[in-house]
Amino acid sequence: MPLNAHAVARLRSKKRSSSRTASSTTASPAPSTSSKKAARFRDAAPKDLRWKSIVLPAELGFDDDGGLLELDEVEGVDVVYEDGRVAFKVREDEDGEPPAKKSKKGKGKAVERDDDDEPEFVPVDQAQESEGDDPKFAEDEPLSFPDEELEFPEEEAGEAVEVAEGEGADVVEEKKKAKKQKKEKGKKRSRDEAQENGSNGGAVEEAADEPPFDVEAELPAWSHIPLANPLYRALAELKFTKPTEIQEKALLVGEDAKAQAEGEEEQEKSAFDTAPAGREHDVVGIAQTGSGKTLAYGLPILSHILSQPSPSSSPSDSDSDADEPSLPSTRLAALILCPTRELALQVRTSLSSLSVRSLPLRTPSPETEKVAPEDPRKRKQGRLVQVVALTGGMSVEKQKRQLERGADIVVATPGRLWDLIGESDMLVQEIKNIKFLVIDEADRMIENGHFAELESIVRLTRREQATPDDGFVDDFDSAVASRTNVTTLPCRPDMRTFVFSATMSKELQLNLKRKGGPKKFVPKAVEGEMTSLDDLLELLDFRDPDPEIIDLSPEHGLVETLKECKVECLANEKDMYLYHFLLRYPGRTIVFLAAIDGIRRLHPVLTLLKVNVIPLHSGMQQRQRLKALDKFKSSPDAVLLATDVAARGLDIPSVSHVVHYQLPRAADTYVHRSGRTARAGTEGLALQLVAPEEKKVQRMLMASLGKDIDLPTLPTDFSILDQLKKRIDLAKEIDQAQHRATKQAHEDKWLREAAEAMEIDLDDDQDSDGDGPQRSSKKQRGQAIAHARQLKAELDNLLKKPLMVRGVSAKYLTTRSKIGLVDQLVGGTGHSKIFGLSTSSALEDLAAAPRTKKQKRAEKTREKKAEEAEE
Ligand SMILES: Nc1ncnc2c1ncn2[C@@H]1O[C@H](COP(=O)(O)OP(=O)(O)OP(=O)(O)O)[C@@H](O)[C@H]1O
């Protein structure tokens, strides 16, 4: 009879308790004398155990609509039946402390959890993970998405380093090192050394002592855009010499009217003086992917914050108008909502970096020489804007701490933010008092009713709720009944709302424009979740009677610098054509697949073929996901195999190609996926692999983008396909053989443990005619492993041989003079992996590819339009 997972858990538990029972004949208490040498156990209440959530695999039918809501697991705990009750015994370390908490001893602080201790994302299939389908990254590898608060490394920084221990962010690491060095050297010595090296000898260098940045002289293209002066410095440092179109338009919203109203009056400006960026207009911004939308909303926010007094010297509302309703004194200026964790962390990093770079550089010293420009230690002391990311998959405790320390900007995914709101009245107060609300990737935020929390969060920012006379009864208070005192506080009347995306239907924009004027929230006949962007725009309480709609979306939704092409092939040939493309055109590439399964199948095969391939999907732990992105960013020829979790917003530099291994069903997904390349004015290529059964989808996709279906075909060198197929078939065979061998080993281990627990003898031979359970014989297992090894050696041999296009011979280099092999070899223009091909790029080959008459006509029309647009 097959044993299910519960049975195994019971059996394992039984096995452990039996071993303990055996040893409990000694004097010590039963659980503390296990066979493990120094292990001790202590009693723990169930609520104190370190439960971890498990993501329920969708394929098991545990969806949002029913079935199990949550499943938690706990590790390192023995469950024993003792004195008539169930007791939980937690294993302790030699010094009596639970192992996972050992490293977190703080100075008189409560012991706190680490990010790694709280993996909210558990791989869907642990067995597959262990078989190498998903990436393995060193645990202590730092992430390029530091989630620490920014601080200067003076007195107060010490505590921050304590708190951040073990988090692995670059900034934190550097801070720790600096702190250690400081202690070792001693204050006096370090000052002397610094003086010797020409630094300021430890004196605090203040940003305020610096003259204002001369924007007219150094950044003329930005000078007409009113920003807090320090921000120009940051923009200059980033070499953003001019604003992008969406930035210019969004930042100048209402400026004409303002200039008129202000008349001729001149304003005196100090280093931190600023004019508010734009009149208090709400903005709906639609602009192509990679066009700089993050700063289009980020700059006004940072500018506003930098023009306010520092939070420490912030006056209470004592001098506010007595007639005004009293608002709580809060610091949070902006709330930015994003659909994915990676995007939220990226926005946080981008705004933090700008904040740090707005401070002038310190006099160079040996201590700061190797420090990154985004490190506050490199800068003179001044106002640092604190940007906190609140996303799932990261430590809640740490996020709470960061909020307590004070955040100027919160960048959040709705789920985690809503969880935290439920625990903190203070956070509700802060959100009610924000000056900016941003909905990034707005159309995605409301898709599929996934973001019910968004609706609730947005409601917190609405002004006074309508009375029953308006026919609207707000039941929101009852949803958060525990803090009625907070929900009845007024919201800020001058809040600005920014709604941004690269894709937003014209219809919706028209609706918005038509409606104009202040809107009332009219509940639907049937109360339910938001189903469209229309609903979101209805729900948003624009303070501006005429929100500014900036629509810069290109005609077909895609960036002009993107070149699209296709390869038509059978579904089972896609691996071969993909491999051909990756070999032929090295360069940072993202391959989008429709499902995690596809990635799990393709990843080991491409790895065996020695392609530098990195998977990214929602079945991976959050930390793995971030590390995968880091790894991808740092290798110029890496291939990211991703689901649509990477389709939106991710800004990875120099992605040369996007491959749609399977076409998406929705046009906006196609636009966003393709938009991971050709960013910020650079060129890029998007390739569709189209199987016959996908032609209908392709037609619909292209039609909804208003495009010609007849995309040019990327040329393929058919003569090497056979050689590629041989390699792929072999890689697949190896993968299957390895899979079988590992599976067998897993099953044997499982069977052995189950049998031990049941005290049953196992037959070691399949041929045995005994009644007991059987496991594969050692000989069989050995054979399976040897077979896999032999295939692997065969493949390695094949991979060592160069691929040859037809007619090329390694012996007779000049046989096909047409190919120009000798010239390629002599001139170094030959392809490194395919003999007989040059190193031309995919874009060059596409440009040279033959066109049908229809394609030529279409291209001419496009070029003409582009010229007209330029004029
Ligand atoms: N003024 C500028 N000059 C040059 N580069 C810029 C400028 N503003 C932003 N960038 C860079 O352009 C890239 C794309 O910016 P961003 O990620 O904000 O685009 P986006 O419009 O939000 O794209 P998506 O729609 O894909 O999310 C980033 O690398 C950013 O640093």
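Whatever order the structure lists ligands and atoms in, that order sets their numbers, starting from 1.
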Short version for Lys242: what comes under 4.0 Å of ligand 1, heavy atoms counted, is backbone
Looking at every heavy atom in both Val697 and Pro664, which two are closest together, and how far apart are they? CG1-O, 3.8 Å
Report yes or no: does Gln308 contribute a side-chain atom to a donor-acceptor pair with the main-chain N or O of Ile305 at less than 3.5 Å? no
Decide whether the shortest distance between a heavy atom of His672 and an atom of ligand 1 is less than 4.0 Å. no
Quick test of your reading of the structure: of Ile652, Thr294, Asp651, whose heavy atom lies closest to atom 14 (C) of ligand 1? Asp651
Considering only heavy atoms, does Lys239 approach ligand 1 within less than 4.0 Å through its side chain, its backbone, both, or neither? neither
Judged by non-hydrogen atoms, does Gly290 sit under 4.0 Å from ligand 1? yes
Top protein contact for atom 25 (O) of ligand 1, by heavy-atom distance: Lys293 NZ, 2.7 Å
Look only at the side chain of Lys566 and the backbone of Val690, and say whether a donor-acceptor pair between them is shorter than 3.5 Å. no
So which bit of Arg648 gets within less than 4.0 Å of ligand 1, heavy atoms only: side chain, backbone, both or neither? neither
Which atoms of ligand 1 are found less than 4.0 Å from any heavy atom of Glu441? 27 (O)
Heavy-atom contact under 4.0 Å between Trp222 and ligand 1? yes
Looking at ligand 1, is there an atom of it that comes within less than 4.0 Å of some heavy atom belonging to Ala287? no
Under 3.5 Å donor-acceptor, Asp408 side chain and Gln386 backbone: yes
Close-contact set for ligand 1 against Arg679 heavy atoms, below 4.0 Å: 14 (C), 16 (P), 17 (O), 19 (O), 20 (P), 23 (O), 24 (P), 26 (O)
Contact between Val438 and Leu337 at the side-chain level, heavy atoms closer than 4.5 Å - yes or no? no
Residues Arg673 and Asp644 bridged, charged N to O under 4.0 Å: yes
Is a donor on one side and an acceptor on the other found under 3.5 Å between the side chain of Asp282 and the backbone of Pro547? no
May I ask you to test the Leu454-Met445 pair for a side-chain heavy-atom distance under 4.5 Å? yes
Below 4.0 angstrom from a heavy atom of Arg676, which ligand 1 atoms are there? Numbered from 1 as shown, please. 26 (O)
